Amino acid sequence: MVMAMVRKAVIPAAGLGTRFLPATKATPKEMIPVVDKPGIQYVVEEAVRAGITDILIVTGRSKKTIEDHFDRSPELESALERSGKQVLAQQMRAIADMADIHFVRQQEPRGLGHAVGMARAHIGEEPFAVLLPDDIMAVSNPILSDMVAAYGRHGASVIALREVSDEEVSLYGAVAFDPVVGEERLLRLRGMVEKPAREDAPSHLGIMGRYVLSPEIFECIAKVTPGAGGEIQLTDAMAMLLGSHAIFGLPFADGRFDTGNKLGWLKATVELALEHPEVGAEFRTALMEICRREGLL
């Protein structure tokens, strides 16, 4: 049987970003720059590297700058070209040409499951990826590409997993699993719990912000009972899907930056700045000077 290709993705970006106030009072959290690119651009580029050509971004009020960022800007491009900055003009043009990018607005915050459910008409009966914009993956981390390949082999949903500590396990969905014969990394899931207490966690493998889902997930989302605050949780829908369809997990270890909090954003900025081709070397020198001055070296 020929498995359907994963060519579409959903990026939920309707959150209020309250952990970054006052910066996010008028600027979407997803547009806060990490070095010289807004965080959400890293996520779109990751999807494109995985072979995805059609991306739906779920936004909310005050998020129009996300749409503007992924649109053409003829005035800016012309001004750059007149200034002899053809390479930069081409880079700006390429942002709009990376993929077919669409938008739908979530009118009220009703949870991740609800946001993903809003993509149903756009996705149709195809498998699709979900990328949470708070998680930025390093270019060296091919987790999404590996998940797409696993879907191609098995025709079933795949979610990204990472081992977490006792202190962290209650911050994530945790899974119970069995190994898959003939697969070095892939795990077959037996169950999952959203943000369990440490003593109730079925394992220390936490669900990270990357999913490749079969279209049957939409029926499950429609049936999920809203939880606290009226929110519909994607983990609850996946647990329901697990009752009738296989779901696999794919663990990874490194190459993830959690930019959903200030400390994680600072770490991502430092690490990605060190790798930046224009400023990396000078930034490394400046960072060493700071560390010496602060007595850290």
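Predicted, not measured: the structure shown is a model, and the values here were computed from it.
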Requested in this report: Determine whether more than 12 heavy atoms belonging to other residues, nucleotides or ligands lie under 6.0 Å from atom CD of Q107.
Outcome: no
Query raised in the report: Under 4.5 Å between side-chain heavy atoms, hopping through other hydrophobics if needed: is there a path connecting V130 to M137?
Result: no
Query raised in the report: Looking only at atom types and distance, does a side-chain atom of W265 sit under 3.5 Å from a main-chain N or O of D258, one as donor and one as acceptor?
Result: no
Can you give each donor-acceptor pair under 3.5 Å made by side-chain atoms of residues 217-240, sequence neighbours left out, with the distance rounded to 0.1 Å?
unit_1	atom_1	unit_2	atom_2	d
E219	OE2	R120	NH2	2.5
E231	OE1	Q233	NE2	3.4
T235	OG1	E194	OE1	2.5

**Report entry** Same cluster (ILVMFWY, side-chain, under 4.5 Å), L266 and V35
**Finding:** yes
Query - I207/Y172 under side chain to side chain contact (heavy atoms under 4.5 Å, CB included): CA gap, chis, key distance, verdict - result: CA-CA 6 Å; I207 300 173; Y172 299 94; 5.6 Å; no
Report summary line: The reported gap from OG in S203 to CD in E163 (rounded to nearest 0.5 angstrom) is 8.5 Å
Query raised in the report: Where do A174 and A201 come nearest, in terms of heavy atoms and distance?
Result: CB-CB, 4.4 Å
Query raised in the report: Does atom NZ of K85 have more than 12 heavy-atom neighbours from other groups under 6.0 Å away?
Result: no
Query - Note: K64-D68 ion pair, threshold 4.0 Å (strictly below) - result: yes
Report task. Report the C-alpha distance between V44 and M98 in whole Å, list the side-chain angles of each, state the deciding distance to 0.1 Å, and finish with yes or no for side chain to side chain contact (heavy atoms under 4.5 Å, CB included). Result -> CA-CA 8 Å; V44 169; M98 283 190 291; 3.6 Å; yes
Query raised in the report: So do the side chains of V43 and R210 get within less than 4.5 Å of each other, counting heavy atoms only?
Result: yes
Query - hydrophobic_cluster_shared for I123 and L56, side chain cutoff 4.5 Å - result: yes
Query raised in the report: Looking just at side-chain N and O atoms, do E108 and H114 make a donor-acceptor pair shorter than 3.5 Å?
Result: no
Query raised in the report: For the residue pair I52 and K8, what are the closest heavy atoms and their distance?
Result: CG2-C, 3.9 Å
Query raised in the report: Should we say atom CG of D166 is surrounded by more than 12 heavy atoms from elsewhere, each under 6.0 Å from it?
Result: yes
Query raised in the report: Under 6.0 Å from the CD atom of E282, do we count more than 12 heavy atoms belonging to anything else shown?
Result: no
Query raised in the report: For the atom pair OG1 (T59) and CZ (R61), what is the distance rounded to the nearest 0.5 Å?
Result: 11.5 Å
Requested in this report: Please report the shortest heavy-atom distance between A160 and I143, naming the atom on each side.
Outcome: CB-CG1, 4.0 Å
Report task. Indicate yes or no: at least one non-hydrogen side-chain atom of Y42 is less than 4.5 angstrom from one of L272. Result -> yes
Query raised in the report: How many angstroms lie between OG1 in T27 and CE in M31, if you round to the nearest 0.5 Å?
Result: 8.5 Å
Query raised in the report: Under the side chain to side chain contact (heavy atoms under 4.5 Å, CB included) criterion, do L205 and V164 qualify, and how do the steps go?
Result: CA-CA 6 Å; L205 283 179; V164 297; over 6 Å; no
**Report entry** Cationic N near anionic O, under 4.0 Å, R188 to D178
**Finding:** no
Report task. Start with the C-alpha gap between E81 and S83, add the side-chain angles, then the distance that decides, and say whether side chain to side chain contact (heavy atoms under 4.5 Å, CB included) holds. Result -> CA-CA 5 Å; E81 288 173 343; S83 301; over 6 Å; no
Query raised in the report: Got H69 and T65 here, is their nearest side-chain heavy-atom distance under 4.5 Å?
Result: no
Query raised in the report: Would you say L213 and V6 are hydrophobically clustered, going by side-chain heavy atoms of ILVMFWY under 4.5 Å?
Result: no
Requested in this report: Determine whether the aromatic ring centres of F283 and H276 lie less than 6.0 Å apart.
Outcome: no
Query raised in the report: Between T24 and G17, is there a donor-acceptor pair closer than 3.5 Å when you use the side chain of the first and the backbone of the second?
Result: yes
Query raised in the report: Do M192 and L171 belong together in a cluster built from hydrophobic side chains that touch within less than 4.5 Å?
Result: no
Report task. State the CG-CD distance between L80 and E75, to the nearest 0.5 angstrom. Result -> 11.5 Å
Query raised in the report: Is the closest side-chain heavy-atom distance between I66 and F103 below 4.5 Å?
Result: yes
Report task. Kindly compute the distance separating CG (D135) from OG1 (T259), expressed to the nearest 0.5 Å. Result -> 7.0 Å
Query - Any L250 side-chain heavy atom under 4.5 Å of I159 side chain - result: no
Report summary line: The reported gap from CZ in R7 to CG in D100 (rounded to nearest 0.5 angstrom) is 9.0 Å
Report summary line: When every non-hydrogen atom of V58 is compared with those of A115, the smallest separation belongs to CG2-O, 3.7 Å
Requested in this report: Answer whether the closest heavy-atom distance between the side chains of P202 and V175 falls below 4.5 Å.
Outcome: no
Query - Residue pair M208 / L132, side-chain heavy-atom distance below 4.5 Å - result: no
Query raised in the report: Does anything in residues 22-42 pair up under salt bridge (Lys or Arg N to Asp or Glu O under 4.0 Å), and if so which pairs, sequence neighbours excluded?
Result: K29-D134, E30-K63, K37-E45
**Report entry** More than 12 heavy atoms of other groups within 6.0 Å of M92 CE
**Finding:** yes
Query raised in the report: Take atom CD in E125; do more than 12 heavy atoms of anything else shown fall under 6.0 Å from it?
Result: no
Query raised in the report: CZ of R49: more than 12 outside heavy atoms within 6.0 angstrom?
Result: yes
Requested in this report: Search all heavy atoms of V34 against all heavy atoms of G39 and return the closest pair with its distance.
Outcome: CG2-CA, 4.4 Å
**Report entry** S165 side chain to E168 backbone, donor-acceptor under 3.5 Å
**Finding:** yes
Report task. Look at the side chain of R19 and the backbone N and O of G260, then say whether any donor-acceptor pair between them is shorter than 3.5 Å. Result -> yes
Requested in this report: Taking all heavy atoms of S214 and all of Y151, pick out the closest pair and write down the distance.
Outcome: CB-OH, 4.0 Å
Query raised in the report: Under 4.0 Å between a Lys/Arg side-chain N and an Asp/Glu carboxylate O for R185 and D146?
Result: yes
Query raised in the report: Is any side-chain heavy atom of I101 closer than 4.5 Å to a side-chain heavy atom of I57?
Result: yes
**Report entry** Stepwise side-chain hydrogen bond (donor to acceptor under 3.5 Å, both in side chains) test for E183 and H154
**Finding:** CA-CA 11 Å; E183 290 274 4; H154 296 277; 2.7 Å; yes
